[in-house]
> 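Structure in structure tokens, see below.
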Amino acid sequence: MCGIVGIVGHSPVAPLIVDALKRLEYRGYDSAGVATIEHGALARRRAEGKLINLERRLTADPLDGTIGIGHTRWATHGVPNETNAHPHFSDDVAIVHNGIIENFAELRSELEKDGYVFSSQTDTEVVAHLVSRELRRGARPVDAAFRALKQLRGAFALAIMFKGDDDLIVGARNGPPLAVGHGEGEMFLGSDAIALAPFTDSITYLEDGDWAVIRRNNIQIFDMSGEPVERLRRQSIGTSFLVDKGNHRHFMHKEIHEQPEVISHTLGHYVDFTNGTAKALDLPWDFAKVDRLAISACGTAYLAGLVGKYWFERLARLPVDIDVASEFRYREMPISKNSAALFVSQSGETADTLASLRYCRGEGVPIGAIVNVRESTMAREADVILPTLAGPEIGVASTKAFTCQLSVMASLAIRAGVARGHIAKGEEQVLVRQLAEAARLATQVIKLEDQIEKVARDLAHSRDVLYLGRDTNYPLALEGALKLKELSYIHAEGYAAGELKHGPIALIDENMPVVVIAPHDRIFEKTVSNMQEVAARGGKIILITDERGAANSTLETLDTIVLPDMPEIIAPILYALPVQMLAYHTAVFMGTDVDQPRNLAKSVTVE
Ligand code: AGP
């Protein structure tokens with residue numbers, strides 16, 4: 001996901017913009033740039049790769065100017081190189097953009113007929129020329145921007161600067177988030193509150209369809225019909241998280257180790273450990289009357305929802321319909337107002353998940369958003385926010401957000417079970433007491449890291465890896481494979497263990513490590529049979545189990561990672577930890593960019 005920063009200030013802005021872009025690095029990017037108005041003219045510096053390359057460019061050739069815009073680019077149209085890096089210029093206009101202009105091809109062809117020459121392959125450059133063309137037609141800068149915005153289709157967050165006015169940035173938002181930061185005699189624009197943290201904690205989030213005229217001492221916000229609108233100015237909590245890695249080598253490592261604490265914080269928000277009850281939350285639905293629960297999300301968040309399906313159906317006898325959001329949003333699922341819908345998202349900005357939320361809202365379904373960013377778009381558009389209290393998750397690979405999402409799901413499923421009369425008071429107290437064990441046991445699981453690092457050393461030599469699991473361990477098998485793929489770039493596949501003999505067993509040979517996630521639970525014996533099928537064909541098994549499972553598994557394995565015995569309700573939360581650590585250490589051995597793996601963004605705000 002691209003990052004945007006703008007400053008209408010009173011001191012040289014280029015270094016401030018670069019610092020703010022550094023706070024957006026976690027979103028993932030492949031090039032960067034800054035533009036200012038310097039001595040009455042537009043000037044820019046751009047660089048491929050990491051921000052350090054842009055800083056070197058600026059050191060060698062500094063930029064002056066007290067107004068500027070900056071950008072970290074996650075390529076959608078055009079290869080990641082300096083030519084395609086933002087800001088893009090057209091005559092007297094400079095622009096940075098996050099999103100996708102869906103009608104850029106037709107606009108580009110029209111502009112080329114009007115004599116505009118394109119220097120990049122990006123959709124963004126179209127917007128710069130559109131604004132420039134309106135200026136040539138006699139419009140003043142603000143009107144030129146507005147007229148250009150109305151010609152766009154697609155998702156965009158934009159910052160536009162004009163050579164002739166060093167007290168003006170126009171910001172616009174349709175999809176990807178954009179926030180205005182209020183300073184003293186200066187104004188800021190950024191993709192989120194974390195970017196603006198060093199400047200201000202007074203933030204106004206633009207809504208979809210808003211565009212803003214930003215000057216040092218004044219901001220005006222309008223909707224797409226040109227009518228002025230009022231937006232809430234709030235104190236952002238994003239500024240309180242001045243995140244850094246501490247003594248960890250990577251953010252991801254830090255975030256893995258934060259899990260005992262944040263799991264405990266999150267559970268404490270949803271269950272009363274003292275009375276042994278799942279808190280009666282102020283929900284826009286009555287679990288006792290809901291006929292179906294729809295769940296939708298992407299990636300790791302989707303897999304949290306998949307675990308949740310097992311819990312809601314087993315503990316509350318509540319049917320769950322779950323789908324990845326990119327499918328959900330176009331399925332046109334028949335869903336009644338007697339249903340409820342949950343959308344799971346760390347960022348709260350994932351385009352497909354947001355579109356799925358809006359589909360359900362259109363159907364009149366009450367909506368809950370399980371999000372880690374309370375100020376996110378999903379949080380603002382849901383009927384109830386169900387926060388994960390994971391703190392900012394900077395590593396692109398989601399870890400602590402996932403286990404906190406599971407913590408929320410487990411608590412909600414217990415709450416639903418009580419409301420629907422399937423969990424008696426006594427059982428509720430037992431389950432909540434078992435949830436209370438999660439943080440302590442997570443600390444014990446993390447102590448297995450040294451052994452897991454040794455297993456990862458071997459795994460790093462693999463070309464393909466298979467992950468197997470049954471029941472709630474099946475989504476964990478999918479998550480383990482996703483983590484390994486996205487961090488180490490090794491091909492990995494997660495499969496329901498019972499499905500092995502229906503095809504994937506053809507893959508098994510001595511070169512295919514098979515990671516089996518199998519606590520000694522209700523279907524452990526079934527999974528043992530699957531492991532025997534693997535071993536019989538020379539497959540190398542890495543078994544992740546508990547003391548009882550290790551004692552009962554008669555199989556020769558390549559490695560066995562033994563977790564403490566634990567209650568079934570918390571196993572999916574804690575068995576996520578070894579698969580996270582396995583993927584992390586494999587990636588470290590592979591030398592990949594662990595916190596910002598290639599091609600990935602922290603939040604995908606485009607389709
Ligand atoms: C997780 O490790 C991935 N980086 C990715 O699958 C992520 O979970 C997905 O893009 C959803 O993001 P969200 O939780 O911010 O919606």
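Counting starts at 1 for both ligands and their atoms, in listed order. Only this structure's heavy atoms are used, side chains among them; waters, hydrogens and symmetry mates stay out.
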> Does a salt bridge link Glu207 with Arg173, judged by any charged N lying under 4.0 Å from a carboxylate O?
no
> So is there a nitrogen or oxygen of Thr350 less than 3.5 Å from a nitrogen or oxygen in ligand 1?
yes
> What donor-acceptor contacts under 3.5 angstrom involve side-chain atoms of residues 586-594, with partners at least two apart or in another chain?
{"unit_1": "Thr586", "atom_1": "OG1", "unit_2": "Leu582", "atom_2": "O", "d": "2.6"}
{"unit_1": "Thr592", "atom_1": "OG1", "unit_2": "Leu487", "atom_2": "O", "d": "2.6"}
{"unit_1": "Thr592", "atom_1": "OG1", "unit_2": "Ala587", "atom_2": "O", "d": "3.4"}
{"unit_1": "Asp593", "atom_1": "OD1", "unit_2": "Gln596", "atom_2": "N", "d": "3.4"}

> Around atom 14 (O) of ligand 1, find the nearest protein heavy atom and jot down its residue, atom name and distance.
Gln346 N, 2.7 Å
> Within the 4.0 Å heavy-atom shell around Ala397, which atoms of ligand 1 are there?
2 (O)
> Nearest protein heavy atom to atom 11 (C) of ligand 1, by residue and atom, and its distance?
Cys298 O, 3.4 Å
> When you measure from atom 7 (C) of ligand 1 to every protein heavy atom, which one gives the shortest distance, and what is it?
Thr300 N, 4.1 Å
> Heavy-atom contacts with Ser398 under 4.0 Å: which atoms of ligand 1 show up? List them by number with element.
1 (C), 2 (O)
> Examine Lys602 against ligand 1 and note whether any of their N/O atoms are separated by less than 3.5 Å.
no
> Provide the number and element of each atom of ligand 1 under 4.0 Å from a heavy atom of Lys483.
1 (C), 2 (O)
> Would you indicate whether the side-chain heavy atoms of Leu24 and Val5 approach each other to under 4.5 Å?
yes
> Measuring centre to centre across the rings, with the benzene-like ring taken for any Trp, is His257 within less than 6.0 Å of His253?
yes
> Below 3.5 Å, N or O to N or O, backbone or side chain included: is there any such pair between Val396 and ligand 1?
yes
> Using a 4.0 Å cut-off to any heavy atom of Ala301, which atoms of ligand 1 qualify?
8 (O), 14 (O)
> Could you say whether the N/O atoms of Ser603 and ligand 1 ever approach to under 3.5 Å?
no
> Does any N or O of ligand 1 fall below 3.5 Å from an N or O anywhere on Glu486, backbone included?
yes
> Between Asp208 and Arg358, is the closest basic N to carboxylate O distance under 4.0 Å?
yes
> Name all residues meeting the side-chain contact (heavy atoms from CB on, under 4.5 Å) criterion together with Arg234; count only those two or more places apart in sequence or in a different chain, and write none if there are none.
Tyr205, Leu232, Glu375, Arg380
> Under a 3.5 Å cutoff, is there a donor and acceptor pairing between the side chains of Asn473 and Asp521?
yes
> If the threshold is 4.0 Å, N to carboxylate O, is there a salt bridge linking Glu453 and Arg457?
no
